[in-house]
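Let me begin by presenting the structure, written as structure tokens, before commenting on it.
Quantities reported herein were computed from a predicted structural model and do not represent experimental measurements.
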Amino acid sequence: MSETAHYVASRLATTALIVLGAMLLLFALSALVPGDPATALLGPAATPEYAKRFIAEMGLDRPWYQRLFTFLGNILLGNLGTDVLSGRPVTRVIADVLPYTFILTFTAIGLAVAIGVPLGCYAATHRGSVLDHVFAFVSVAFIAIPAFVIAIFLLLIFAIWLNWLPVLGAGEANSWLDQAKRLILPTIALSVGWIGFIARLVRSSMLETMGENFIRLSRAYGLPSRLVTYKYALKNACIPTLAVLGMGVGRLLGGAVLIEIVFARPGLGRLMFDAISTRNFPVLQGAVLVVVLIFVLTNLLVDISYAAIDPRIRRQASR
């Protein structure tokens, strides 16, 4: 088996184990949550007969091991259950809101990369300059401020005081311009912290890479400084950034929960918040499982990507 195939196979096995562990943890948490789900969902006015029928329909009257096998089997078949409030399949409920979360998360990542990488490169190539110190201060400030605090300030300034942008909701379904306007402030709020983090990470990685022997050798051969910096040094310095971005998708999805609440946007985070409030276990389990799948698949793609950039990672994994 080649190094690449061995590396991909090992990452796929790790991904499968993580997903299985997440499924078992989700089932255990739903089984251990105290209280009566029938009372929480139906209210205290529900008759005992109706509550009993509801529990039977949910399968909560069966032994835990039967419910576990049913839960795992349904997930393998792509059946995440039924929304107990609307009666719709959970997969359909999640599919309706998932595009909003995808758009918000990946526009935030794109904005953070588009701004953070050039800032980090400039700071690394102008080490010790005034702008380097300014970027360092601004980056740390961006990292320290929580996304929801930035969201509230942006909403107050640009939506209430200046009245420049509409912010609440996702916009009209048939108007791309309205949707884009309502996406601007949530994207900025979610990406600000990552702009600072990526800038600091790229700066430190660039400084470390520019001290490597192959960079000195490239300069000794008389290659142009821009070529050495942006083709060789930046390429290798982006490997840690790719790894962090894989982890960052999970954190951005978590941050999207509060952002979607502040800006009243539909999305996976808002769906989980509502499911927790109503103890809608099938929707909550399905939404969390989708988040886990997105997280592990993103990290799998990132692992493969930076292994393709740096063959040393493949060789280390195949030993």
Side-chain angles (χ1 to χ4, degrees), residues 102-147 149-151 153-154 157-158 164-165 180-181 183-212 214-219 223-253 255-256 259 298-299 301-310 313:
F102 269 148
I103 291 172
L104 176 59
T105 301
F106 288 102
T107 52
I109 291 176
L111 181 62
V113 171
I115 298 177
V117 171
L119 288 180
C121 288
Y122 185 89
T125 54
H126 296 78
R127 183 180 182 182
S129 65
V130 175
L131 284 179
D132 181 25
H133 294 297
V134 172
F135 289 159
F137 175 78
V138 173
S139 298
V140 172
F142 281 175
I143 296 170
I145 303 175
V149 175
I150 297 173
F153 275 103
L154 291 175
I157 295 171
F158 292 99
W164 285 358
L165 294 169
K181 288 180 179 179
L183 185 63
I184 293 174
L185 295 185
T187 298
I188 294 174
L190 193 58
S191 64
V192 162
W194 283 93
I195 291 173
F197 189 77
I198 290 174
R200 299 303 298 165
L201 180 62
V202 170
R203 179 187 181 276
S204 61
S205 298
M206 283 279 290
L207 290 175
E208 182 179 353
T209 304
M210 290 170 71
E212 296 287 342
F214 73 94
I215 296 294
R216 296 194 185 99
L217 185 62
S218 300
R219 286 175 173 167
L223 294 179
S225 179
R226 283 181 172 271
L227 179 65
V228 173
T229 300
Y230 295 106
K231 182 177 180 180
Y232 299 115
L234 181 59
K235 177 183 176 181
N236 285 273
C238 282
I239 295 175
T241 306
L242 283 174
V244 169
L245 284 178
M247 300 293 291
V249 170
R251 294 190 61 182
L252 283 169
L253 286 171
I259 298 300
T298 303
N299 278 274
L301 293 176
V302 169
D303 286 346
I304 295 173
S305 297
Y306 67 72
I309 296 174
D310 190 348
I313 297 175

For A123, which residues count as a side-chain contact (heavy atoms from CB on, under 4.5 Å) partner, sequence neighbours excluded?
D132, F135, R203

Report the relative orientation of the aromatic rings in F102 and F106; use parallel for angles under 30°, tilted for 30 to 60°, perpendicular for over 60°.
tilted

Considering all heavy atoms, the nearest S191-L111 contact
OG-CD2, 3.2 Å

For V140, side-chain contact (heavy atoms from CB on, under 4.5 Å) partners two or more places apart:
none

How would you list, by chain and number, every residue that makes a ring-ring contact (aromatic ring centres under 6.0 Å, His included) with F153, sequence neighbours excluded?
none

Interatomic distance, I198 atom CD1 to L119 atom CG [nearest 0.5 angstrom]:
10.5 Å

Going by the rule ring-ring contact (aromatic ring centres under 6.0 Å, His included), which residues pair with F137 if we only count those two or more places apart in sequence or in a different chain?
none

Those residues at least two apart in sequence (or on a different chain) that pass side-chain contact (heavy atoms from CB on, under 4.5 Å) with L154 are I150, F158, L185, I188, A189

Salt bridge (charged side-chain N to carboxylate O under 4.0 Å, His left out) pairs, two or more places apart, involving residues 112-125
none

Output all residues satisfying side-chain contact (heavy atoms from CB on, under 4.5 Å) with L183, sequence neighbours left out; order by chain, then residue number.
I103, L104, T107, T187, R265

